[in-house]
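A quick write-up on the structure given underneath.
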Amino acid sequence: MAKFKFIALVVIAVLLALARSNECKLKKRALEKNIKKYRKNCLKKGFKSSIGCESTERQLGKKALKKCRKIEGKLKKCEYSCSTDGGWTDYSDWTVCSAPCGGGSQTRTRTCTNPAPAYGGADCVGNAEESQKCNTEPCPVNGGWTGFGAWSHCSAQCGGGSLPRKRYCTNPA
């Protein structure tokens, strides 16, 4: 039983040591100093960040690379990251109008992936979708004949005449 207690205490001590090793050990001033050093000596000289920071396209030497990894490790423990705010893509093409005439609507969309927000960066501001009215002209309406009216009087009393009756294209006008 004593052996079990001893092993349990060792395990707890190791876990506490691991937890402490992953804590930020930098005070605010030291953190700010390391951030400046990281930006100036690493990012501006081509260090490829793993915490979302943009860097130049140059290559670092082995010694500088090792220093930058060490600084970045400290910054990670302090939960520091370079945020990337989201940016909108271009809008898509308008969708097909929902009606051929008489008023319809159509939409177009965009996404917040140019770039996508990362490392706590802000989401895009604005709407991802736009809509507008389309084909607002009234739909054409074909005319229709009314019923025939009554027969009118014959045009001649004898020898052949005509007996007309009328209808009109007003249904609708």
Side-chain angles (χ1 to χ4, degrees), residues 7-144 172-173:
I7 292 173
L9 288 174
V10 168
V11 168
I12 290 171
V14 167
L15 290 174
L16 285 172
L18 283 173
R20 283 191 199 110
S21 70
N22 287 328
E23 291 176 2
C24 180
K25 293 184 171 78
L26 300 175
K27 294 192 165 120
K28 185 178 179 180
R29 197 169 186 93
L31 177 61
E32 289 171 355
K33 185 178 177 183
N34 273 271
I35 291 169
K36 283 182 183 178
K37 190 187 304 184
Y38 181 68
R39 288 181 178 157
K40 180 181 176 188
N41 298 337
C42 299
L43 298 177
K44 288 187 178 180
K45 294 183 179 178
F47 180 71
K48 301 292 183 227
S49 170
S50 68
I51 56 175
C53 304
E54 292 187 27
S55 62
T56 62
E57 294 297 319
R58 293 190 266 165
Q59 293 289 330
L60 285 175
K62 286 183 181 181
K63 188 175 180 181
L65 192 59
K66 186 176 179 179
K67 283 183 181 180
C68 291
R69 286 187 181 135
K70 185 175 180 179
I71 295 170
E72 188 175 72
K74 289 178 186 178
L75 296 178
K76 277 184 181 179
K77 286 180 183 178
C78 295
E79 297 183 11
Y80 175 80
S81 64
C82 295
S83 62
T84 301
D85 292 341
W88 290 113
T89 60
D90 291 335
Y91 274 104
S92 65
D93 292 335
W94 288 103
T95 59
V96 175
C97 190
S98 62
C101 57
S105 64
Q106 58 187 164
T107 59
R108 64 183 185 170
T109 58
R110 60 185 179 170
T111 59
C112 186
T113 57
N114 190 29
Y119 303 103
D123 283 333
C124 295
V125 176
N127 296 324
E129 185 175 287
E130 275 187 335
S131 62
Q132 69 178 11
K133 293 179 181 181
C134 54
N135 295 341
T136 55
E137 316 81 37
C139 293
V141 178
N142 295 329

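Quick caveat: nothing in here was measured; it's all calculated off a predicted structure. No hydrogens, no waters, no symmetry mates; every other heavy atom, side chains included, goes into these values. Residue numbers start at 1 and run along the sequence shown.
Under a 3.5 Å cut-off, the side chain of Trp88 and the backbone N or O of Val125 do form a donor-acceptor pair. When atom types are taken as modelled, the side chain of Ser55 and the backbone of Phe47 share a donor-acceptor pair closer than 3.5 angstrom. Judged by distance alone, with hydrogens and angles left aside, the side-chain atoms of Thr56 form a donor-acceptor pair with the main-chain N or O of Lys44 at under 3.5 Å. Between the side chain of Asp85 and the backbone N or O of Ala122 there is at least one donor-acceptor pair closer than 3.5 Å. Formation of a donor-acceptor pair under 3.5 Å by the Ser98 side chain with backbone atoms of Ser105 is found in this model. In terms of modelled atom types and a separation under 3.5 Å, the side chain of Asn114 and the main chain of Gly87 share no donor-acceptor contact. At distances below 3.5 Å, not a single donor-acceptor pair connects side-chain atoms of Arg69 with backbone N or O atoms of Ala64. Between the Thr113 side chain and the Pro115 main chain, no donor and acceptor come within less than 3.5 Å of each other. Side-chain N or O atoms of Thr95 include one that pairs as donor or acceptor with a backbone N or O of Thr107 at under 3.5 Å. Within the 3.5 Å criterion, the main-chain N or O of Thr109 finds a donor-acceptor partner in the side chain of Ser92.
A pairwise comparison of heavy atoms in Cys68 and Leu60 identifies SG-CD1, 3.8 Å as the closest pair. Lys37 approaches Ile71 most closely through the heavy-atom pair CD-CD1, 3.5 Å. The shortest heavy-atom contact between Cys112 and Pro117 is O-CD, 3.6 Å. Taking both residues in full, the closest heavy atoms of Leu75 and Leu31 are given as CD2-CD1, 3.6 Å, listed atom of the first, atom of the second, then distance.
From Glu79, atom CD reaches atom CD of Glu23 across 10.5 Å, with rounding to the nearest 0.5 Å. A distance of 5.0 Å separates CG in Leu43 from SG in Cys53, rounded to the nearest 0.5 Å. Atom CZ of Arg29 sits about 7.5 Å away from atom CD of Glu32, to the nearest 0.5 Å. In this structure, NZ in Lys76 is found 11.0 Å from OG in Ser81, a value given to the nearest 0.5 Å.
Surrounding NZ of Lys133 are at most 12 heavy atoms belonging to other residues, nucleotides or ligands under 6.0 Å away. In the displayed structure, Glu130 atom CD is contacted under 6.0 Å by more than 12 heavy atoms of other residues, nucleotides or ligands.
The shortest distance between side-chain heavy atoms of Tyr80 and Lys74 does not fall below 4.5 Å. The shortest side-chain heavy-atom distance between Gln106 and Val96 does not fall under the 4.5 Å cut-off. Between Pro140 and Cys101, some side-chain heavy-atom pair lies under the 4.5 Å cut-off. Side chains of Arg108 and Glu129 form no contact here, defined as non-hydrogen atoms less than 4.5 Å apart. In this structure the side chain of Tyr38 reaches within 4.5 angstrom of the side chain of Ser49, judged on heavy atoms.
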I'd like to know whether Asn41 forms a side chain to side chain contact (heavy atoms under 4.5 Å, CB included) with Lys67, so could you lay out the CA-CA distance, the side-chain angles of the two residues, the decisive distance to 0.1 Å, and finally the verdict.
CA-CA 9 Å; Asn41 298 337; Lys67 283 183 181 180; over 6 Å; no

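Looking at Glu72 and Ser50, their side chains do bring a donor and an acceptor atom within 3.5 Å of each other. If you check the side chains of Tyr91 and Arg110, you find a donor sitting under 3.5 Å from an acceptor.
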